[in-house]
Protein chains: 2
Amino acid sequence: MSAPNAYAAACPSRLVLDRVADKWTVLLLGVLARRTTRFNQLRRDIEGLSQKVLSQTLKNLERDGLVSRKVIPTVPVTVEYSITPLGATLASKMEGLLRWAEAHSGEIAKAQARYDAADA
Amino acid sequence: MSAPNAYAAACPSRLVLDRVADKWTVLLLGVLARRTTRFNQLRRDIEGLSQKVLSQTLKNLERDGLVSRKVIPTVPVTVEYSITPLGATLASKMEGLLRWAEAHSGEIAKAQARYDAADA
DNA sequence: CAGTATCCTTTATGATACTG
DNA sequence: CAGTATCATAAAGGATACTG
């Protein structure tokens with residue numbers, strides 16, 4: 001097979017990038033990299049993440065083999081989400097991104113203010 | 001000020017993450033980290049990226065201080081886009097993500113096939 | 001608790017045509 | 001060449017209600 005190249009539209013790695021370059025995925029893997037967490041706890045951990053989008057995102061992550069889902073048959077049911085070994089390798093890249101965003105948000109806000117002031 | 005925390009909806013770093021966790025931004029900074037590039041060359045370099053979305057994305061990146069735009073008054077006009085020092089610090093994180101996507105697309109495809117086969 | 005289903009609104013993207 | 005403007009469509013997301 002040819003080398004994966006995300007710059008080519010049809011390359012599988014492009015699909016992966018599209019899935020993975022997502023705000024909620026970054027935040028979700030950030031939580032799960034630290035601890036196994038239940039559905040509603042994830043909702044509380046990540047402000048602004050709706051139940052619907054959380055549900056979808058987790059399903060995608062599970063399908064991609066990045067997160068695993070464990071159902072514990074209590075009443076009512078308990079569901080635990082954990083990161084997989086593959087997911088953990090991604091999470092470390094994500095954490096870099098997350099920390100970058102936190103470290104540079106001030107500089108970016110300043111750049112935006114400068115830009116907005118420059119045009120009339 | 002309090003510590004930036006992207007898990008809080010109102011935190012500026014959340015906005016940054018949202019902007020930056022984007023497929024086109026990853027690919028674009030990947031190109032610009034290597035060389036200053038002109039508008040239409042960027043279009044050709046990144047398959048599937050429309051003129052409209054390229055234009056929008058570049059404008060955002062410029063506003064955020066991650067990319068700089070230089071107009072050269074030839075006829076017709078030439079416009080060169082380069083990465084800024086701030087953008088370069090982000091690009092190195094992005095490259096990690098990009099390479100991860102390329103390195104693991106096969107594993108992910110397999111995980112998806114397994115998942116899809118499992119549910120009937 | 002951990003979801004799914006539905007409806008409805010808001011965003012994003014695509015195609016096309018036009019300009020300095 | 002490097003865009004902008006406009007229109008049309010598709011996709012994403014929020015609110016609400018309901019279920020095992």
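Letters A, B, ... mirror the listed sequences (proteins, then strands); counts begin at 1.
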Check whether any side-chain N or O of A/Thr78 sits under 4.0 Å from OP1 or OP2 of C/dC1, and answer yes or no. no

C/dG3 OP1/OP2 closer than 4.0 Å to side-chain N/O of A/Arg43: no

Looking only at the side chains, is there a donor atom on one of B/Gln41 and B/Asp45 sitting less than 3.5 Å from an acceptor on the other? yes

With a sphere of 6.0 Å drawn around CZ of A/Arg34, does it hold more than 12 non-hydrogen atoms of other residues, nucleotides or ligands? no

Give a yes-or-no answer on whether the side chains of A/Ser13 and B/Ser105 include a donor-acceptor pair shorter than 3.5 Å. no

Looking at A/Glu102 and B/Ala6, would you say the former's side chain and the latter's main chain have a donor-acceptor pair under 3.5 Å? yes

Spacing of B/Leu54 atom CG relative to C/dG14 atom C1', expressed in whole Å: 15 Å

Quick check: are there more than 12 heavy atoms from other residues, nucleotides or ligands sitting under 6.0 Å from NZ of B/Lys93? no

Taking the side chain of B/Gln51 as its heavy atoms from C-beta onward, which of C/dA2, D/dG13, D/dA2 lies nearest to it? D/dA2

Would you kindly give the NZ-to-P distance between B/Lys59 and C/dA12, to the nearest whole Å? 15 Å

Do any side-chain nitrogens or oxygens of A/Tyr81 fall under 4.0 Å of OP1 or OP2 in C/dC1? no

Minimum-distance nucleotide to B/Asn40 side chain [options: D/dA2, C/dG14, C/dC1]: D/dA2

Interatomic distance where CD1 belongs to A/Ile72 and C1' belongs to C/dG3 [whole Å]: 16 Å

B/Leu58 has an atom CG; how far is it from atom P of D/dG3, in whole Å? 7 Å

Please give, in whole Å, the distance from D/dG13 P to A/Asn60 CG? 11 Å

Take the protein atom NZ of B/Lys52 and the nucleotide atom P of D/dA5, then report the distance between them rounded to whole Å. 11 Å

Could you check which nucleotide pairs with D/dA15 in any of the strands shown, counting Watson-Crick or G-U wobble with both distances under 3.5 Å? C/dT6

So, OP1 or OP2 of D/dA2: does either fall under 4.0 Å of a side-chain N or O from B/Arg69? no

Report the base-pairing partner of D/dG20 (Watson-Crick or G-U wobble, both distances below 3.5 angstrom), or none. C/dC1

Starting at CG of B/Asp22 and ending at P of D/dA12, how long is that distance when rounded to a whole Å? 13 Å

Distance check: side-chain N/O of B/Arg38 vs OP1/OP2 of D/dC1, anything under 4.0 Å? no

Heavy-atom nearest nucleotide on DNA chain D taken for B/Ser55 and for A/Pro76; more 5' hit belongs to B/Ser55

Could you tell me the separation between the CD atom of A/Gln56 and the P atom of D/dG13, rounded to a whole number of Å? 7 Å

